[in-house]
**Q** 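Pasting in a structure now, in structure tokens, and then I'll have a few things to ask.
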Amino acid sequence: MREFPKLGSKSNFGFSDVDISHVRRHFDDAGIAHCDNLIPIRVEMTDCFADNPPPEADLLIDFAAHCIDFRKNSDDQLRDRFLKFLGSDKCTEKRGDGRRYFRGDWGVTVVQ
């Protein structure tokens with residue numbers, strides 16, 4: 001999450017900064033044939049933005065933030081900024097019925 005570099009960071013979870021683009025570039029450089037696909041994932045998360053969200057909504061926020069008990073453990077400014085970002089068009093698909101769906105599309109590379 002480039003907008004929130006401290007969330008889900010390598011120092012907190014041991015993740016590296018390698019993403020699918022790095023893997024694909026190495027496949028290309030090595031001449032390894034591969035097929036790239038996008039799998040659209042939508043998770044309904046309207047309740048995450050409620051004043052008194054149910055526990056399930058907090059689990060979705062934890063998932064998106066890569067943090068345990070994000071709503072409880074983050075300061076008000078970070079929490080508000082993150083929820084605003086999460087509810088933005090960059091992350092969320094809004095439907096005509098007012099429901100919000102998190103866009104968690106997965107890039108998939110299949111070696112041929």
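Throughout, residue positions are numbered sequentially from 1 according to the sequence presented.
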**Q** What pairs with P40 under side-chain contact (heavy atoms from CB on, under 4.5 Å), at least two apart in sequence or on another chain?
**A** R42, D105
**Q** With clusters defined by side-chain heavy atoms of hydrophobic residues (ILVMFWY) lying less than 4.5 Å apart, directly or transitively, does V111 cluster with V23?
**A** yes
**Q** For D75, what residues pass the side chain to side chain donor-acceptor pair (under 3.5 Å) criterion, not counting sequence neighbours?
**A** none
**Q** May I ask you to decide if G107's main-chain N or O and D36's side chain share a donor-acceptor pair within less than 3.5 Å?
**A** no
**Q** Can you name the closest pair of heavy atoms from F70 and I61 and give their distance?
**A** CD2-CG2, 3.6 Å
**Q** Can you pull out every ring-ring contact (aromatic ring centres under 6.0 Å, His included) where at least one residue sits in residues 25-51? Sequence neighbours excluded, please.
**A** F27-H34
**Q** Go through the steps to decide whether R24 and T109 satisfy the test side-chain hydrogen bond (donor to acceptor under 3.5 Å, both in side chains), and finish with yes or no.
**A** CA-CA 7 Å; R24 290 173 178 161; T109 298; 2.7 Å; yes
**Q** Apply side chain to side chain contact (heavy atoms under 4.5 Å, CB included) to the pair I20 and W106, showing each step before the final yes or no.
**A** CA-CA 10 Å; I20 193 67; W106 288 13; over 6 Å; no
**Q** Roughly how far, to the nearest 0.5 Å, is the CG atom of L86 from the CZ atom of R79?
**A** 13.5 Å
**Q** Under the rule for side-chain contact (heavy atoms from CB on, under 4.5 Å), what residues qualify as partners of S88, not counting sequence neighbours?
**A** F85, K90
**Q** Might you confirm whether atom CG of D97 has over 12 heavy atoms from other residues, nucleotides or ligands at distances under 6.0 Å?
**A** yes
**Q** Taking all heavy atoms of C48 and all of L60, pick out the closest pair and write down the distance.
**A** SG-CB, 3.8 Å
**Q** Could you check whether atom CD of Q112 has more than 12 heavy atoms from other residues, nucleotides or ligands sitting under 6.0 Å from it?
**A** yes
**Q** How far does CZ of R100 sit from CG of D47, to the nearest 0.5 angstrom?
**A** 11.0 Å
**Q** What's the separation between atom CG in L83 and atom CG in L78, rounded to the nearest 0.5 Å?
**A** 9.0 Å
**Q** Check the hydrophobic clustering (I, L, V, M, F, W, Y; side-chain heavy atoms under 4.5 Å; chains of links allowed) and say if Y101 and V43 are grouped together.
**A** no
**Q** Going hydrophobic residue to hydrophobic residue with side-chain gaps under 4.5 angstrom, can you get from I41 over to L59?
**A** no
**Q** With no hydrogens and no angle check, is any side-chain donor or acceptor of D62 less than 3.5 Å from a backbone partner on D69?
**A** yes
**Q** Would you please name every residue forming a side chain to side chain donor-acceptor pair (under 3.5 Å) with R95, sequence neighbours left out?
**A** E93
**Q** Sequence neighbours left out, what pairs pass salt bridge (Lys or Arg N to Asp or Glu O under 4.0 Å) with at least one residue falling in residues 49-59?
**A** D58-R71
**Q** Specify the closest pair of heavy atoms between A57 and P53, including all atoms of both residues, with the distance to one decimal.
**A** CB-CB, 3.7 Å
